[in-house]
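One structure is given here, and the rest of the page talks about it.
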Amino acid sequence: MSSDSAVPRSLPLVPAVIFGVLAVVGFGSFLLWAGSDESSARAYRAFLQNFLLWSALAQGGLMLSAGIRLTNGRWAGPIHRIADSLAAFVPVSIVLYLVLWSGRYELFDWMQHPEHVEYKEWWYDEGFMFKRDLFSLVWMAFLSCWYLYMSLRPTLAAARETTTGLRGSLIQTWTSGWRGEEAERRLADRRCRKMAAIMALSYAFAYSTLGVDLVMGLAPHWISTMFPAYYAWGGFLSAVSLTAVLALIMANGEDLRGQITEARRHDLGKMVFAFSIFWMYLFWSQYLVIWYGNIPEETGFVAARLGTQFLQDTWYMEGFWERINEPYVKTTLTAWILCWVIPFWVLLGQRPKKTPAVLGTVASLSVFGFWLERYILVTPSLIPPEAVLNGASVSPFGMIELLVSAGFLGLFFLCFLLFAKVFPGALPKTGGAAGA
Amino acid sequence: MASVLGVLTDPHATASAIRKLRGAGFTDLDSYSPIPSHEIEEAMDRGPSRVRTWTLIGCLVGVTLGFLMTIWMSYDYPIIVGGKPYASIPPYTVIGFELNILFGGVLTVLGLMFHGMFLNRVDSGAYRPNFSGDQFGCVVNCGANDVERVEKLLRESGCTEVRVVEGA
C-alpha cells in the first residue's frame, strides 16, 4: 500500500467534543448577540474578523498544497495532506458569508448612505457586492472540491475495498470508473497540476476581491492598490503557519509518526520565515508610498491603526511613547511583532527551524498574530480612534470577540478532523519512507 | 599515513559509505561529487561553512552604508520632500535593505572564491575527471595498518573501484 493512502476511521472523541462545544457555544452566543440591539454591531464585527481569518486560511491551505504540486515539490510527504484538510472549511465559509451578509448594515455604512461613496457607486453597490463576493467564494469552493476529489481519488485504493456502510458507499461513488491505482495516480497528478495553476490565479482574484470588499469596503474612501495582495498573502501565510503547527502536534500521533523529520521541520520553518518576509515586504511597499505621498485619502487608514505620525518618521524619539499610547497602536504593533518580527528573528538560524518547540511556538504566535491583524483591519474602520478616545469600548479580548472566535475555531477544526480522519480520511495512518 | 580512494556511482551510496567510515572511527575523509548533495554534506559533518561570516560582514556593512549614505546625502543637499524630515526612517529602510542584500551577496561570492581557491585548495592525487561527470569519490586518510580495513569497508559500501592513492 502506498504511504499516501487515505484511511477512513472514526472521529477522535475528545477533540471532537471540545471543538463541538466551542462551535455550539460560540455560534449560539453570536446568534444571541446578533439579535440584540445593544451588541449586534460588535458581534458582527467579531464575526467579520474571524470570517476574514478562517476563510482565507482554509483556502490558503489548499493553495499551499497546490503550490507544492505546481513546483513538483517532493519534500512535503504527508504534510500536503494536512494542508489539503484545512480546505474542508472552504464550503462552510459560503454559509458563513450568508450569515455575515445578514449583518451588512451593521458593517457597511455606505449601504444605507450611498452618498458617502460618491464616484464609487458602481463598485459599492449592495447587489453587485453580494454577487461578486458570493461568486468568488462559490467559484473557489467549486475548484477546491474538484481539486480535492482528483487529488484524493487515487489514495482511496485500499479504502474502497475495506470500508463499508455509508462511508463505503460514498467512497464507491467517489471512485466510480476506477482505472487501477497506478493509472489513477498518473491521471491525478496530471490533472491536479493543471488545476493548481487555475486555482492559484483564481485565489489571487477571489481573495483580492474579498479583501477589497470586506476590509476596504469598511473604509470606502481609502485607496490602496497593494492591500488586496497583502490580504490574500496573509491568508496563505497563516495557512502555512497552521500547517506547521498541526504537523508538529500530530508528529507523534498514529497518523504521522516518524514522518515529520528534521528535514521537513527545516522546510516548514523556511517557509514560515520566508513568507513572513514577503508579507512584511507587501506591507512596507504600501506603507512607504502612503507615508511619503501624505494624501488624506490614503493616510487615514494607516493613521487609524499606527497613530497620527504613523508611529515614527524621524531619527528623533521625541513623542514616541505618547504615539504608542494612541488607540489601536499597541494592538497593531503586537500583530506586526507576532507575524513578522518574531518569525524573522527567531527562525533566522537553522537550529530553531528544526527544533519542534521553537518552530511550533513561532508558528502558533504567527496564527494568533493574524487573528489580531484581522481585528485591526476591521475595528478601527468602524470605531475610529476618536471614538475610542471619547469612551467607546473596544478590545480584541472582549467576551463577544472571544466567544465568536471560539465558535469559528471549533467549527474550523471539526471540519478539519472530519476531512482528515473520517471522510475521506485524507491523512495516512502510518507513513511510508520518511523522505528528506 | 595512507590514502584510500573508493569510487561510487550513486550519491546515496556515497553518503552511506561516508557514514559507515565515520562510524568505524575514520574521520579524516574527503569526498568528490559531480552534483551538490545535502546528504553527502550532512554525512561529512563538516560543521557550518566559514563563508557565512563573509555574508554577515557584508550584510552589516551594507545596511550601515545604506543608512549612512542616504542620511549624509540628505543633509548635504537638503530638499524637503512631501513635508517630511530630511532624514527619515521609512524610505531609507529600503536603501539599507537593498545594500544589505547587495553587499551580503557580493561578499558571499568573494568568500566562496577565497576559501575555495586559496584556503582549501587541495591538489589531491585522488581526483579524476569523472568526479565532475558521473562518479563519486570517497578518500580516506588512515594509518598504514588500517588500509586493509578501510578497503574492506569501502567495498562493502558498494564501491566499484578501491585503490590506495599515492600523493593524496
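Throughout, protein chains are lettered first and strands after them, A, B, ... in sequence-line order, and every chain is numbered starting at 1.
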Are there more than 12 heavy atoms of other residues, nucleotides or ligands under 6.0 Å from atom CD1 of Ile35(B)? yes
Counting heavy atoms not belonging to Glu161(B), are there more than 12 under 6.0 Å from its CD? yes
Could you measure the distance from the CG atom of Leu288(A) to the OH atom of Tyr92(B)? Nearest 0.5 Å is fine. 11.0 Å
From Glu42(B) atom CD to Glu262(A) atom CD, the distance as rounded to the nearest 0.5 Å: 7.5 Å
For Pro85(B), is it the side chain, the backbone, both, or neither that has a heavy atom closer than 4.5 Å to a heavy atom of chain A? side chain
State, to 0.1 Å, how close Trp291(A) and Pro90(B) come at their nearest heavy-atom pair, and which atoms those are. CE2-CG, 3.7 Å
Which pairs count as ring pair (Phe, Tyr, Trp, His ring centres under 6.0 Å) when at least one residue sits in residues 60-81 of chain B, sequence neighbours excluded? Trp315(A)-Phe67(B), Tyr75(B)-Tyr86(B)
Those residues at least two apart in sequence (or on a different chain) that pass ring-ring contact (aromatic ring centres under 6.0 Å, His included) with Tyr328(A) are none
